[in-house]
There are 2 protein chains.
Amino acid sequence: MIRKYPFDDDLLENLPLPTASFFVLFALADADKHGYRIMQDIRELSGGTVSLGPATLYTTIRKLSDQGLISETSESSGDERRRIYALTSGGRRLLGAEFHRQQQLLDLARRMKVLKIGEQK
Amino acid sequence: MIRKYPFDDDLLENLPLPTASFFVLFALADADKHGYRIMQDIRELSGGTVSLGPATLYTTIRKLSDQGLISETSESSGDERRRIYALTSGGRRLLGAEFHRQQQLLDLARRMKVLKIGEQK
DNA sequence: CTTGACTCTATCCGTTTTAGATATATCATG
DNA sequence: CATGATATATCTAAAACGGATAGAGTCAAG
């Protein structure tokens, strides 16, 4: 059987990611962060179109943590309240799979000519 | 104020689209279709990762219809049971805005180097 | 100092979105 | 005419999401 990309089946089964989960993983991709910072960065990453409230944020963080996709680090930053999270290798792989799925879909849309080729400007 | 893309604000406020809504609009982008066909095409478009059950499908169709993003056409096809839907101009514009949002995000991920540039193979 | 704005985590509660099961009827094929 | 795919639809429950609220720690300005 031909596989275009080396993903486990159980990885694929988690796709597509819910919006909140996707953005939390995305926000953690470049650095370890605490919840409030994740919230701010998501707003910026998304150009303001996505902003999680505290309920969605902390609920999602707990869920991802339970699933082993992110983990709390032991490093302490100035502010003692902060709980800092990092992507696990599984989380990073899942995020990569989601990016890949999205790009595949956009490429397909272009081939179908339902998405104007450049779409830029 | 500088706008990168000429979208209404109220259009932006509907983004990101829920997965089911996005895929229904996407499936209707190349041709008018009835519900059952939309369901089949979504499974194919998504490479099997997304398959809506009847509940999600028809609930979503009704919602999009109420919002004026799709509309039932009057054309009849052989099978009398079929109710055929088409994208409205608003629906097409919203779909375009969603595609644009997704591509922007993927481009950003590449610039941040959290998405390996080719990701191919 | 202290006051007020911001930071930070957290939960309550309701709404929206999604999924499985089920129902009912029509169509196509052998 | 029977069997399986087609086709629409709803019931019920779970998952995802968002606003409101809470409480405590930080920090800068006066």
Side-chain angles (χ1 to χ4, degrees), chain A residues 13-28 32-44 46 48-67 69-73 75-86 94 98, chain B residues 12-28 31-44 46 48-67 69-73 75-86 94 98:
Chain A
E13 274 160 31
N14 291 334
L15 304 186
L17 291 179
T19 304
S21 297
F22 167 70
F23 274 98
V24 169
L25 295 181
F26 190 1
L28 287 175
D32 302 348
K33 293 166 191 170
H34 57 96
Y36 193 78
R37 179 70 189 282
I38 291 171
M39 196 183 73
Q40 294 174 314
D41 284 2
I42 286 175
R43 200 171 300 149
E44 197 181 333
S46 69
T49 59
V50 176
S51 63
L52 308 186
T56 305
L57 175 69
Y58 291 105
T59 304
T60 301
I61 285 176
R62 171 165 305 178
K63 191 187 64 174
L64 294 174
S65 199
D66 289 347
Q67 292 173 164
L69 298 168
I70 64 177
S71 65
E72 194 172 349
T73 68
E75 49 173 326
S76 68
S77 64
D79 196 330
E80 202 55 45
R81 297 169 297 172
R82 292 178 178 166
R83 307 180 60 177
I84 299 180
Y85 297 92
L94 183 57
E98 174 64 14
Chain B
L12 272 305
E13 273 159 31
N14 292 335
L15 304 185
L17 292 179
T19 305
S21 297
F22 167 70
F23 274 99
V24 169
L25 296 181
F26 190 2
L28 286 174
D32 301 349
K33 292 165 191 174
H34 62 274
Y36 194 78
R37 179 70 190 283
I38 291 171
M39 195 183 73
Q40 295 173 314
D41 285 2
I42 286 175
R43 200 170 301 147
E44 196 180 334
S46 70
T49 58
V50 176
S51 64
L52 308 185
T56 304
L57 175 70
Y58 291 105
T59 303
T60 301
I61 284 176
R62 171 163 305 178
K63 191 189 64 172
L64 294 175
S65 200
D66 289 347
Q67 292 174 165
L69 298 168
I70 64 177
S71 66
E72 194 172 350
T73 69
E75 50 174 324
S76 67
S77 65
D79 195 330
E80 202 54 45
R81 296 169 297 171
R82 292 178 178 168
R83 308 180 61 176
I84 299 180
Y85 298 92
L94 183 58
E98 174 65 14

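Chain letters run A, B, ... following the sequence lines, proteins first and then strands; every chain starts at 1.
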Using atom [atom1] of [X] as one end and atom [atom2] of [N] as the other, report the distance to the nearest whole Å.
| X | N | atom1 | atom2 | answer |
| --- | --- | --- | --- | --- |
| B/Y36 | C/dA28 | OH | P | 14 Å |
| B/F23 | C/dA19 | CZ | P | 11 Å |
| A/K63 | D/dA15 | NZ | P | 10 Å |
| B/E13 | D/dG18 | CD | P | 13 Å |
| A/Y58 | C/dC13 | OH | C1' | 19 Å |
| B/Y85 | D/dA7 | OH | P | 13 Å |
| A/M39 | C/dC8 | CE | C1' | 9 Å |

5'-most by nearest nucleotide on DNA chain D - B/R83 or A/T60 |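 By nearest-heavy-atom nucleotide position, the 5'-most residue is B/R83.
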
Take B/E80 and B/G53, find for each the nucleotide of DNA chain C with the closest heavy atom, and name the residue whose nucleotide sits nearer the 5' end.
->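 Its nearest nucleotide being more 5', the pick is B/G53.
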
How would you label the contact of B/P18 with the nucleic acid (heavy atoms, under 4.0 Å): base, sugar-phosphate, or nothing?
->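 Since only primed, P, OP1 and OP2 atoms lie under 4.0 Å of B/P18, the category is sugar-phosphate.
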
Using a cut-off of 4.0 Å on non-hydrogen atoms, how would the nucleic acid contact of B/A20 be classed: base, sugar-phosphate, or nothing?
->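 It contacts sugar-phosphate atoms only.
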
Can you establish whether the number of heavy atoms outside A/E44 located under 6.0 Å from its atom CD is more than 12?
->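 Atom CD in A/E44 is not packed in, count stays at 12 or less.
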
Quick check for you: among [options], whose closest atom lies nearest to any side-chain atom of [X]?
| X | options | value |
| --- | --- | --- |
| B/P54 | C/dC27, D/dG18, C/dA21 | C/dA21 |
| B/T19 | C/dT18, D/dA16, D/dA7 | C/dT18 |
| A/H34 | D/dT6, D/dT10, C/dT9 | C/dT9 |

Over 60° means perpendicular and under 30° means parallel, so classify the ring planes of B/Y36 and B/H34, tilted if in between.
->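 Geometry flag for B/Y36 against B/H34: parallel rings.
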
Below 4.0 angstrom from OP1 or OP2 of D/dT10, is there any side-chain N or O of B/R62?
->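 Checking D/dT10 against B/R62, a side-chain N or O does come within under 4.0 Å of OP1 or OP2.
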
So does B/R81 reach the base of D/dT6 with its side chain, donor to acceptor, closer than 3.5 Å?
->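 Per atom types, the contact qualifies.
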
